[in-house]
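All residue numbers in this chain count up from 1 along the given sequence. The model shown is predicted, which means the values in this text are computed figures rather than measured ones. Side-chain atoms are counted along with the backbone in the values below, which use heavy atoms only and exclude waters and symmetry mates.
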Amino acid sequence: MTETYPEKLVKYVRDGLIEQEHFGFIVMSNKKEIINTIGETNSYPFYLRSCAKPLQASLLIDLKMDKFFNMTEGEIALCCASHAGEKIHIETAKELLQKIGLKPNALKCGLHKPLSKTEQEKLILNKTTENIFHNNCCGKHIMMLGLCVINNWDLSTYDDINHPLQKLIKRRIYDLCEIKQDYPVTFDGCGVPIYAMPLANMVKGYLNLFCNPVYEKLRNAFLYNPYIIGGEDRTDTKIIQASTDIVAKTGAGGLCIVVNTRVNKGFVVKICDGDMKAREIVVIDILRQLRWADIPVDNSIKTIHGKIVGEILCTQQLSQLK
């Protein structure tokens, strides 16, 4: 693979000394062309991870699953979500699965503790364990099962890369992201196939999705249900809540894609070490510089007693973008 050359995007300065740094890439684009970049990727492909979810969910519109099951806006949002496993997420997931007519054991996303720290504490206090609906990807898996139901596809192998559903998902993602060649494929944490592509194609895919009237329901699901998209302390939820026209979606591996549906422009941030705090700080700083949104963020470094001993700084300004 081609060498990449990331740029320093964030540094932690404690009492004058740099003690932590994070490197990565920023790519900004409109529907026609790349506008600006920071860091040289040389078109290196990165896996979409959970940023694939709204692209995958385009099929629920294409195949009219939304109408077949009379899906609510919140249920559509859950299909795109990397949710924190809170009450609203679990209830929405259960309702959608019931509409589809399947039991929880049909889901193949696996178990993990809820992303919400509050919900984790509740499990400990109540002496209970996580269930399938706490999985942040359960909405995507319920959607996949729903698509199989309406197309009479096998339910037991919906996660197989050679399943008709997964083949169709690949074609749809490649179409939206304007991919002209094959890139590596692997399996996401929840077990379904996930595809790689250059960062610029990720942004192009989001623009082709969220700035297309055909997918208005998906766009509105994001804009009007930000808490279902993420939840407690989730970066994409914070961004959507602070604006009226901005869609955002985070993904593992340090990814966050943002689209301003009013001006038809978007950008992607990739933090090389996957640090979520660094990712949030960079994305929010870009939004401020673009004057798309002004989201409060505490960049101070504090002791456990609350004394400020340093600050977290973004090292790139828009004027530095190539």
Chemist: In chain order, what residues pass the side chain to side chain contact (heavy atoms under 4.5 Å, CB included) check against I18, with sequence neighbours excluded?
Modeler: K11, V13, E21

Chemist: Would you say V282 and R279 make side-chain contact, with heavy atoms under 4.5 Å?
Modeler: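 No, their side chains stay 4.5 Å or more apart.
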
Chemist: With distance as the sole test, does N299 use its side chain to make a donor-acceptor pair with the main-chain N or O of E311 at under 3.5 Å?
Modeler: no

Chemist: Between E73 and N225, do the side chains contain an N or O donor and an N or O acceptor separated by less than 3.5 Å?
Modeler: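 E73 vs N225: donor-acceptor pair found between side chains.
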
Chemist: If you compare all heavy atoms of L207 against all heavy atoms of G266, which two are closest, and at what distance to 0.1 Å?
Modeler: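 Heavy-atom minimum between the residues: CD2-N, 3.9 Å.
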
Chemist: Say whether Y158 and F69 are linked into one hydrophobic cluster, either directly or through other cluster members, by side-chain heavy-atom distances under 4.5 angstrom.
Modeler: yes

Chemist: For F133 and P104, work out which heavy atoms get closest and say how close.
Modeler: CZ-CG, 3.8 Å

Chemist: Ion pair present between D233 and K117, side-chain N to carboxylate O less than 4.0 angstrom?
Modeler: no

Chemist: Looking only at side chains, do H22 and D273 share a donor and an acceptor under 3.5 Å apart?
Modeler: yes

Chemist: Any side-chain heavy atom of M71 sitting closer than 4.5 Å to one from L96?
Modeler: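 A side-chain contact exists here, since the closest heavy-atom pair is under 4.5 Å.
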
Chemist: Do we see a donor-acceptor contact under 3.5 Å between the side chains of N126 and T128?
Modeler: no

Chemist: For the pair E178 (side chain) and G205 (backbone), establish whether a donor and an acceptor sit closer than 3.5 Å, ignoring hydrogens and angles.
Modeler: no

Chemist: Within this structure, what is the OG-NZ distance for the pair S243 and K238, rounded to the nearest 0.5 Å?
Modeler: 14.5 Å

Chemist: What are the two closest heavy atoms between I257 and C51, and how far apart are they?
Modeler: CD1-CB, 3.8 Å

Chemist: Could you state whether V283 and L115 fall into the same hydrophobic cluster, counting links through intermediate Ile, Leu, Val, Met, Phe, Trp or Tyr residues with side-chain heavy atoms under 4.5 angstrom apart?
Modeler: no

Chemist: Evaluate salt bridge (charged side-chain N to carboxylate O under 4.0 Å, His left out) for D159 paired with K108, printing each intermediate quantity in order.
Modeler: CA-CA 8 Å; D159 58 337; K108 304 182 76 173; 3.1 Å; yes

Chemist: Is Y47 reaching over with its side chain to a backbone N or O of D188, donor-acceptor style, under 3.5 angstrom?
Modeler: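 Flag not set: sc Y47 to bb D188 has no pair under 3.5 Å.
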
Chemist: Could you check whether Y215 and D62, counting side-chain N and O atoms only, form a donor-acceptor pair closer than 3.5 Å?
Modeler: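 Short answer, yes.
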
Chemist: Could you measure the distance from the CD1 atom of I100 to the CE atom of M65? Nearest 0.5 Å is fine.
Modeler: 4.0 Å

Chemist: Would L59 and I179 show up in the same hydrophobic cluster when neighbours are defined by side-chain heavy atoms closer than 4.5 Å?
Modeler: yes

Chemist: Using modelled atom types and a 3.5 Å cut-off, is there a donor and acceptor pairing between side-chain atoms of K270 and backbone atoms of V27?
Modeler: no

Chemist: Could you grab the distance from atom CZ of F46 to atom SG of C272, nearest 0.5 Å is fine?
Modeler: 6.0 Å

Chemist: Taking H163 for the side chain and D154 for the main chain, is one N or O donor matched with an acceptor at less than 3.5 Å?
Modeler: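 The answer is yes, because a donor-acceptor pair under 3.5 Å joins these two groups.
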
Chemist: Taking the side chain as C-beta and beyond, is there a heavy-atom pair between I246 and V259 under 4.5 Å?
Modeler: no

Chemist: What verdict does the side chain to side chain contact (heavy atoms under 4.5 Å, CB included) test give for I90 and E86, after you've listed the backbone C-alpha separation in whole Å, the side-chain angles of each residue and the deciding distance to 0.1 Å?
Modeler: CA-CA 6 Å; I90 292 173; E86 298 165 78; over 6 Å; no

Chemist: Does the plane of the ring in Y227 sit parallel, tilted or perpendicular to the ring in H89? Use 30° and 60° as the thresholds.
Modeler: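 Parallel: the ring planes of Y227 and H89 meet at under 30°.
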
Chemist: Does NZ belonging to K64 count more than 12 external heavy atoms closer than 6.0 Å?
Modeler: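 Atom NZ in K64 is not packed in, count stays at 12 or less.
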
Chemist: Between H141 and N135, is any side-chain donor less than 3.5 angstrom from a side-chain acceptor?
Modeler: no

Chemist: Would you check if K167 and N162 make a side-chain contact, meaning some heavy-atom pair closer than 4.5 Å?
Modeler: yes

Chemist: Within 45° of the six-membered ring axis of Y174 and under 6.0 Å from that ring's centre, is NZ or CZ of K170 located there?
Modeler: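 Judged by the rule (NZ or CZ under 6.0 Å from the ring centre, within 45° of its axis), K170 counts as positioned above Y174.
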
Chemist: Could you verify whether a donor N or O on one side chain and an acceptor N or O on the other, from S82 and K249, lie under 3.5 Å apart?
Modeler: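 Yes.
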
Chemist: Could you check whether any side-chain heavy atom of L313 comes within less than 4.5 Å of a side-chain heavy atom of Y12, counting everything from C-beta outward?
Modeler: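 No, side chains not in contact.
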
Chemist: Can you list the steps and then say if M144 with I169 is a side chain to side chain contact (heavy atoms under 4.5 Å, CB included)?
Modeler: CA-CA 10 Å; M144 289 181 176; I169 285 174; 3.8 Å; yes

Chemist: Ignoring hydrogens, what is the shortest heavy-atom contact between T4 and T41? Give both atom names and the distance.
Modeler: CG2-O, 3.5 Å

Chemist: First locate atom OG1 of T118, then atom CG of L123, and finally report the distance between them rounded to the nearest 0.5 Å.
Modeler: 11.0 Å

Chemist: Are any non-hydrogen side-chain atoms of M197 and L48 less than 4.5 angstrom apart?
Modeler: yes

Chemist: If we ignore angles and hydrogens, is there a donor and acceptor under 3.5 Å between the side chains of Q166 and D160?
Modeler: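 D160 and Q166 do not have a side-chain donor-acceptor pair below 3.5 Å.
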
Chemist: Does the pair K113/E119 count as a salt bridge with the N-to-O cut at 4.0 Å?
Modeler: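 Not counted as a salt bridge, because no side-chain N and carboxylate O are separated by less than 4.0 Å.
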
Chemist: Considering all heavy atoms of both residues, which atom of I34 and which atom of A200 are nearest to each other, and what is their separation?
Modeler: CD1-CB, 3.6 Å

Chemist: Any non-hydrogen side-chain atom of F267 less than 4.5 Å from a side-chain atom of V203?
Modeler: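 Not in contact.
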
Chemist: Under the side chain to side chain contact (heavy atoms under 4.5 Å, CB included) rule, what do S29 and K204 come out as? Steps first, then yes or no, please.
Modeler: CA-CA 7 Å; S29 178; K204 186 66 67 68; 4.3 Å; yes

Chemist: Could you go through the side chain to side chain contact (heavy atoms under 4.5 Å, CB included) check for L9 and F23 one step at a time?
Modeler: CA-CA 5 Å; L9 300 181; F23 293 74; over 6 Å; no

Chemist: Is a donor on one side and an acceptor on the other found under 3.5 Å between the side chain of S116 and the backbone of G85?
Modeler: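 Between the backbone of G85 and the side chain of S116 there is no qualifying donor-acceptor contact (under 3.5 Å).
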
Chemist: Quick one: does I271's side chain get under 4.5 Å of C256's, heavy atoms only?
Modeler: no

Chemist: Which heavy atom of Y183 sits nearest to which heavy atom of A196, and what is that distance?
Modeler: CB-O, 3.1 Å

Chemist: Return the CD to CG distance between E280 and D285, rounded to the nearest 0.5 Å.
Modeler: 12.0 Å

Chemist: Using 0.5 Å steps for rounding, measure from the CD atom of E40 to the CZ atom of F25.
Modeler: 8.5 Å

Chemist: Charged N to carboxylate O under 4.0 angstrom, K99 versus E75?
Modeler: yes

